[in-house]
Protein chains: 4
Amino acid sequence: MEFRENEAIYLQIAAYVAEHIVLRKWAVDQKIPSVRELAVELQVNPNTVVRAYEFLQNKGVIMNKRGIGFFMAVDAELKIKEYSKERFLGNELPEFFKNIYLLEISIKEIEERFEKFKAEHYR
Amino acid sequence: MEFRENEAIYLQIAAYVAEHIVLRKWAVDQKIPSVRELAVELQVNPNTVVRAYEFLQNKGVIMNKRGIGFFMAVDAELKIKEYSKERFLGNELPEFFKNIYLLEISIKEIEERFEKFKAEHYR
Amino acid sequence: MEFRENEAIYLQIAAYVAEHIVLRKWAVDQKIPSVRELAVELQVNPNTVVRAYEFLQNKGVIMNKRGIGFFMAVDAELKIKEYSKERFLGNELPEFFKNIYLLEISIKEIEERFEKFKAEHYR
Amino acid sequence: MEFRENEAIYLQIAAYVAEHIVLRKWAVDQKIPSVRELAVELQVNPNTVVRAYEFLQNKGVIMNKRGIGFFMAVDAELKIKEYSKERFLGNELPEFFKNIYLLEISIKEIEERFEKFKAEHYR
DNA sequence: GTGGTCTAGACCACC
DNA sequence: GTGGTCTAGACCACA
């Protein structure tokens with residue numbers, strides 16, 4: 001996995017895990033990869049994964065069973081949407097509006113690009 | 001002015017200045033506020049304003065006349081739109097699309113919020 | 001049984017066993033439940049029960065008769081009180097005092113809560 | 001400062017900071033020691049202090065002004081009491097009651113010890 | 001095997 | 001100067 005430069009890696013990992021949960025890519029038995037597994041897979045230091053998991057645990061998305069590993073919370077998806085939505089509406093959306101206003105981009109153009117985006121990423 | 005947590009203050013100041021230029025709020029004589037004035041107005045350390053001005057100068061948006069102050073470039077608006085558009089299309093838009101997809105927010109809802117936003121901010 | 005988060009499960013199990021001994025809930029023939037029985041009852045890994053029993057054996061509270069099982073020591077209750085009291089006076093009580101001082105909880109309130117607690121747990 | 005063995009150092013540091021705030025030992029200008037200062041003072045790795053400060057920030061007790069340092073929240077004391085009380089009533093108090101019941105210690109004895117404790121620690 | 005913690009040391013952006 | 005992040009490596013308790 002490649003990481004963007006402008007955001008902390010551990011947050012990108014948290015987002016990666018959250019996305020996997022929401023898209024049900026790991027839904028088999030509710031258990032998520034161990035810290036070490038994910039660290040190897042993503043090629044980062046285990047401590048960085050630990051920080052990501054701590055973050056998600058604080059948000060109530062995942063829970064730890066001692067000595068066994070991390071598990072999705074029963075309402076993981078809801079929790080993810082809660083904190084994501086809060087952040088999105090509070091931070092990103094106003095920024096987005098300011099940009100399209102100043103750049104004179106129409107909602108219609110946004111919509112077209114969105115359709116294209118979906119076609120490429122979420123078939 | 002309140003600053004968002006997730007973005008450097010100097011970048012938010014640069015955006016603030018850029019917005020004022022595009023919306024012609026200071027267009028009287030092409031001169032923009034001095035570092036000190038703006039620092040007092042925004043309640044930040046003057047160094048932070050300096051960094052914002054340096055940033056805009058690098059982008060070709062403003063120019064420094066020694067001993068006098070900073071002035072808008074003749075094509076300031078164009079320059080602003082150039083670098084804004086690049087960043088917007090490359091970084092923010094994909095992030096935005098991913099978010100509204102995962103959060104299940106429709107373009108229609110975005111449009112409604114945008115109308116409200118415009119009414120509040122750009123009357 | 002639910003376990004507190006801030007204490008090792010095996011120690012909570014040891015406390016659970018000690019409590020049963022002191023309150024004479026298993027006093028029939030001095031034999032205590034087998035590792036497997038208790039593991040099933042408490043829904044934990046048998047190894048965890050083993051650790052709890054080892055802990056109590058070290059304290060002289062229970063003894064192992066090979067092939068038969070674990071039995072209470074004749075002075076089990078005394079032993080329990082010894083090590084409990086030591087830990088209680090040395091660690092928990094100072095911590096407890098610091099807390100009620102900082103949280104401004106009166107001894108009177110503690111007393112009331114204690115009466116309620118006894119009524120609920122030790123009828 | 002000496003740290004107890006049975007609790008994570010960073011939590012003990014968080015408790016140390018919280019205690020200083022509640023007892024108004026740093027109330028001069030609301031600013032608390034920098035990460036590096038406190039690390040030197042307590043003889044721990046700066047990262048450990050960082051974890052303590054992150055913990056307190058999550059609880060809303062302290063806030064960061066970028067590039068300047070950490071400051072007490074206006075309602076720091078309230079926040080501290082909130083999360084402390086929650087933990088105390090949920091975890092420590094039941095444990096405490098179980099102990100004094102099994103050890104047959106009276107509330108009266110507790111009260112006497114508490115008076116002695118206060119005399120020694122909080123003149 | 002699991003996660004939790006701590007140290008040491010580095011680099012960075014920011015004010 | 002401030003905090004934020006990341007790596008490397010170690011040790012530990014726990015299941």
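Keep in mind the model is a prediction, meaning the values are calculated, not measured. All heavy atoms count here, side chains included; hydrogens, waters and symmetry mates do not. Each chain gets a letter, A, B and so on, in the order the sequences are listed, and its residues count up from 1.
The residue among D/V35 and C/T48 whose nearest nucleotide of DNA chain F lies closer to the 5′ end is D/V35. The nearest heavy atom of DNA chain F to A/P46 and to A/R66 marks one nucleotide each, and the one closer to the 5' end goes with A/P46. For A/P33 and D/G67, each mapped to the nucleotide of DNA chain E holding its nearest heavy atom, the one lying further toward the 5' end belongs to A/P33. Residues A/N64 and D/Q43 each lie close to DNA chain E; by heavy-atom proximity, the contact nearer the 5' end of the strand is made by A/N64.
Although no hydrogens or angles enter the test, the distance criterion places a donor-acceptor pair under 3.5 Å between the side chain of C/Q12 and the main chain of C/R4.
A donor-acceptor contact under 3.5 Å is formed by the side chain of A/N47 with the base of F/dG9. Between the side chain of D/R36 and the base of F/dG3, a donor-acceptor pair under 3.5 Å is found.
The interatomic distance linking A/N58 (CG) with E/dG4 (P) rounds to 11 Å, in whole Å. Rounding to whole angstrom units, CD of residue D/E54 and P of E/dC6 are separated by 13 Å. Following rounding to the nearest Å, A/N6 (CG) and F/dC6 (C1') show an atom-to-atom distance of 16 Å. If you measure from atom CZ of A/R4 to atom C1' of E/dC12, you get 18 Å, rounded to the nearest angstrom. Here E/dT2 presents its P atom at 19 Å from CE of A/M63, a figure rounded to the nearest Å. Rounded to a whole Å, the CG atom of B/L11 is 14 Å from the C1' atom of E/dC15. As rounded to whole Å, 14 Å separates atom P of E/dC15 from atom CZ of D/F70. A straight line from CG of C/L42 to P of F/dA15 spans 12 Å, rounded to a whole angstrom.
Taking side-chain N and O atoms only, B/N45 has no distance below 4.0 Å to OP1 or OP2 of E/dC14. The shortest distance between the side-chain N/O atoms of D/R51 and the OP1/OP2 oxygens of E/dT5 is below 4.0 Å. For D/Y10, a side-chain nitrogen or oxygen approaches OP1 or OP2 of E/dT5 to under 4.0 Å.
A/I100 is listed as a side-chain neighbour of B/F88, based on a closest heavy-atom distance under 4.5 Å.
Closest contact between the side chain of A/A8 and the listed nucleotides F/dC6, E/dG4, F/dA15 involves F/dC6.
The aromatic rings of C/Y83 and C/F55 sit perpendicular to each other, their planes meeting at more than 60°, with 30° as the lower class boundary.
Summarising the base pairing, F/dC14 is matched to E/dG1 through a Watson-Crick or G-U wobble pair whose two defining distances lie under 3.5 Å.
Under 3.5 Å, the side chains of D/E92 and C/N99 contain a donor-acceptor pair of N or O atoms.
Here A/E54 pairs with D/R51 in a salt bridge; the nearest charged N to carboxylate O distance falls below 4.0 Å.
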